[in-house]
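Shown next, in structure tokens, is the structure this report addresses.
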Amino acid sequence: QVQLVESGGGLVQAGGSLRLSCAASGRSFSSYAMGWFRQAPGKGRDIVAVINWSDDDTDYADSVKGRFTISRDNAKNTVYLQMNSLKPEDTAVYYCAASLSPATKRGMRNVYWGQGTQVTVSS
């Protein structure tokens with residue numbers, strides 16, 4: 001099993017940027033597809049972005065495409081989510097996820113979850 005720890009959340013104004021990080025334990029990080037999900041109050045947990053085993057193999061929810069970028073650094077066992085042009089609608093708890101199965105913007109299977117980090121975008 002892999003342990004995931006997110007960081008980088010906070011309070012920003014609309015139009016601002018944040019970079020979330022997810023640090024993974026273990027020696028098999030490169031074997032995992034990774035993703036970011038978010039959950040707003042009273043809402044379900046929705047996929048934001050996924051990355052498989054290459055930085056070229058990524059997918060995004062339509063609501064964030066062009067604004068968010070997911071990347072991974074296998075040497076550091078870390079996945080990132082660069083969030084630009086933030087909107088109040090982006091306010092949510094953001095969760096890191098890992099799976100040994102391929103990921104698409106439709107979702108992920110057999111997921112290990114991080115604890116979440118709060119992102120709040122004010123208007």
Side-chain angles (χ1 to χ4, degrees):
Q1 297 183 353
V2 62
Q3 299 290 325
L4 306 172
V5 179
E6 301 102 328
S7 62
L11 174 64
V12 298
Q13 292 186 341
S17 298
L18 285 173
R19 188 182 72 160
L20 306 183
S21 298
C22 174
S25 66
R27 297 188 298 272
S28 60
F29 177 74
S30 62
S31 298
Y32 286 88
M34 303 295 297
W36 288 95
F37 290 69
R38 66 187 182 186
Q39 187 168 18
K43 304 290 186 178
R45 188 171 297 187
D46 297 327
I47 199 161
V48 175
V50 298
I51 185 167
N52 287 294
W53 300 274
S54 169
D55 281 338
D56 296 330
D57 191 0
T58 59
D59 209 358
Y60 298 89
D62 291 342
S63 60
V64 307
K65 194 171 185 178
R67 299 189 296 121
F68 291 9
T69 302
I70 188 171
S71 62
R72 66 190 297 160
D73 187 337
N74 290 342
K76 297 181 178 179
N77 283 10
T78 302
V79 63
Y80 304 95
L81 185 68
Q82 179 66 48
M83 305 186 294
N84 298 326
S85 301
L86 283 162
K87 305 174 181 179
E89 307 93 270
D90 297 318
T91 296
V93 177
Y94 283 71
Y95 296 90
C96 181
S99 176
L100 291 173
S101 300
T104 72
K105 65 180 179 181
R106 296 180 299 174
M108 298 176 65
R109 298 176 178 176
N110 302 319
V111 177
Y112 298 95
W113 296 101
Q115 83 288 350
T117 185
Q118 177 71 48
V119 172
T120 303
V121 184
S122 65
S123 60

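Quick note: residue numbers are just sequence positions, from 1. Computation of the quantities below employed the complete heavy-atom set of this structure, encompassing side-chain atoms and omitting hydrogens, waters and symmetry-equivalent molecules.
- Listed by chain and number, the residues in a salt bridge (charged side-chain N to carboxylate O under 4.0 Å, His left out) with R72 amount to none (sequence neighbours excluded).
- Legend: salt bridge (charged side-chain N to carboxylate O under 4.0 Å, His left out) pairs involving residues 6-17, not counting sequence neighbours: none detected.
- Applying the ring pair (Phe, Tyr, Trp, His ring centres under 6.0 Å) test to every pair with at least one member in residues 54-112, sequence neighbours left out, gives no pairs at all.
- Between atom CE of residue M34 and atom CG of residue N74 there is a gap of 9.5 Å, rounded to the nearest 0.5 Å.
- Minimum heavy-atom separation, S17 to N84: OG-OD1, 2.9 Å.
- Residues passing the side-chain hydrogen bond (donor to acceptor under 3.5 Å, both in side chains) test with S71, sequence neighbours excluded: none.
- Note that CG of N52 is 9.0 Å distant from CG of D59, once rounded to the nearest 0.5 Å.
- Looking only at side-chain heavy atoms (C-beta outward), L4 and Q115 stay at 4.5 Å or farther from each other.
- Residue pairs meeting the salt bridge (charged side-chain N to carboxylate O under 4.0 Å, His left out) criterion with at least one member in residues 30-47, sequence neighbours excluded, are R38-D90.
- For the atom pair CZ (R67) and CD (Q82), the distance works out to 12.0 Å, reported to the nearest 0.5 Å.
- Sequence neighbours left out, the pairs with a member in residues 15-57 that pass ring pair (Phe, Tyr, Trp, His ring centres under 6.0 Å) are F37-W113.
- The distance from the OG atom of S122 to the CG atom of L86 is 10.5 Å, given to the nearest 0.5 Å.
- Listed by chain and residue number, nothing satisfies the salt bridge (charged side-chain N to carboxylate O under 4.0 Å, His left out) test with R19 (two or more places apart in sequence, or in another chain).
- Among residues two or more places apart in sequence or in another chain, the side chain to side chain contact (heavy atoms under 4.5 Å, CB included) test is passed with S101 by S99, N110.
- Sorted by first and then second residue, the pairs that involve residues 9-108 and meet disulfide bond (SG atoms under 2.5 Å apart), not counting sequence neighbours, are C22-C96.
- For T117 (side chain) and G9 (main-chain N/O), a donor-acceptor pair under 3.5 Å exists by modelled atom type.
- Distance check: L100 CG to M108 CE gives 9.5 Å after rounding to the nearest 0.5 Å.
- In the hydrophobic clustering of ILVMFWY residues, with side-chain heavy atoms under 4.5 Å counting as a link, V2 and V79 come out together.
- Applying the disulfide bond (SG atoms under 2.5 Å apart) test to pairs two or more places apart or on separate chains, none has a residue in residues 40-91.
- Minimum heavy-atom separation, A40 to A92: N-CB, 3.8 Å.
- Residue I70 comes nearest to G35 through the heavy atom pair CD1-CA, 4.3 Å, listed as atom of the first residue, atom of the second, then distance.
- Considering only residues two or more places apart in sequence or on other chains, Q3 meets the side chain to side chain contact (heavy atoms under 4.5 Å, CB included) condition with S25.
- Across every non-hydrogen atom of A49 and L81, the tightest pair is CB-CD1, 4.2 Å.
- No continuous path of hydrophobic side-chain contacts links V93 to V121 [ILVMFWY only; heavy atoms under 4.5 Å].
- Annotation: salt bridge (charged side-chain N to carboxylate O under 4.0 Å, His left out) contacts involving residues 92-110, sequence neighbours excluded, comprise D62-K105.
- With hydrogens and angles ignored, the 3.5 Å screen pairs no side-chain donor or acceptor of T58 with any backbone N or O of I51.
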